[in-house]
Amino acid sequence: MNRLKRDYEFAKDLELKIGLSSGIHEAMQILNVQINRIITQNADLLRTLNVSINNQNSASNILERNFKDQLDLNLKLSRQNLDQARYDGELKAFNLLGSGYFKRIK
């Protein structure tokens, strides 16, 4: 917030200097200072964006991790359902054949 306030004050100061400039050379110097300030602000913005994009807690990284976690959970649930279906099938086969084949093994 301090940076924003300083930039605002800087722009106000330059606004006064533009009217007081005498000649093209001085006006070009003021314009050069303004452009340098814009370039610096742009570099700071890009640095901030880069940090937020590459941060482990950025929204895209959180979404990607959540998506991977959801895929892992879906895989576990699918395997669990398959194991349950296998168990139910084996139990049904045992109950159907239990009075015959499986009882003779004992």
Side-chain angles (χ1 to χ4, degrees):
M1 192 63 160
N2 283 338
R3 175 70 188 257
L4 186 61
K5 193 173 188 177
R6 284 191 319 243
D7 288 344
Y8 179 76
E9 293 298 323
F10 177 79
K12 293 283 278 184
D13 290 343
L14 282 180
E15 184 179 340
L16 296 173
K17 288 181 181 180
I18 290 171
L20 299 175
S21 65
S22 57
I24 294 175
H25 180 71
E26 192 174 341
M28 290 300 288
Q29 286 178 329
I30 293 172
L31 178 62
N32 188 33
V33 169
Q34 289 173 316
I35 296 298
N36 285 339
R37 188 63 172 247
I38 290 171
I39 290 171
T40 302
Q41 289 172 335
N42 189 35
D44 289 342
L45 176 65
L46 290 175
R47 187 179 315 114
T48 303
L49 286 174
N50 189 33
V51 166
S52 67
I53 288 171
N54 292 327
N55 187 358
Q56 288 294 326
N57 295 325
S58 71
S60 63
N61 287 336
I62 291 172
L63 287 174
E64 186 176 336
R65 282 196 309 266
N66 285 346
F67 183 72
K68 286 179 182 176
D69 290 344
Q70 187 65 47
L71 285 177
D72 289 342
L73 180 61
N74 288 343
L75 182 61
K76 287 177 184 177
L77 288 173
S78 295
R79 286 181 179 160
Q80 188 178 33
N81 288 337
L82 181 62
D83 288 343
Q84 184 65 44
R86 235 185 245 137
Y87 173 78
D88 291 343
E90 290 171 0
L91 185 61
K92 184 177 180 181
F94 177 77
N95 288 334
L96 290 174
L97 300 173
S99 58
Y101 179 78
F102 289 111
K103 283 196 175 181
R104 280 186 249 147
I105 293 176
K106 289 184 181 180

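Below, each value reflects all heavy atoms present in this structure, side chains not excepted, and no hydrogens, waters or symmetry copies.
- Expressed to the nearest 0.5 Å, how far CG of Asp83 lies from CG of Asp88 amounts to 11.0 Å.
- With respect to Lys68 and Glu64, a salt bridge is recorded, a charged nitrogen being found less than 4.0 Å from a carboxylate O.
- Ile38 and Val33 fall into different hydrophobic clusters, defined by Ile, Leu, Val, Met, Phe, Trp and Tyr side-chain heavy atoms under 4.5 Å apart, directly or through other members.
- Inspection of the Gln70 and Asn74 side chains reveals an N or O donor paired with an N or O acceptor under 3.5 Å.
- Legend: residues meeting side chain to side chain contact (heavy atoms under 4.5 Å, CB included) with Gln80, ordered by chain and number and at least two apart, are Leu77.
- Leu49 is not connected to Ile39 by any chain of hydrophobic side-chain contacts under 4.5 Å among Ile, Leu, Val, Met, Phe, Trp and Tyr, and they are in different clusters.
- No side-chain heavy atom of Leu46 sits less than 4.5 Å from a side-chain heavy atom of Asn50.
- Rounded to the nearest 0.5 angstrom, Asn42 CG and Arg37 CZ are separated by 13.5 Å.
- Only one option out of Arg86, Arg79, Gln84 pairs with Leu82 in a side-chain contact (heavy atoms from CB on, under 4.5 Å); it is Arg86.
- With a 4.5 Å cut-off on side-chain heavy atoms, Leu63 and Phe67 do not count as touching.
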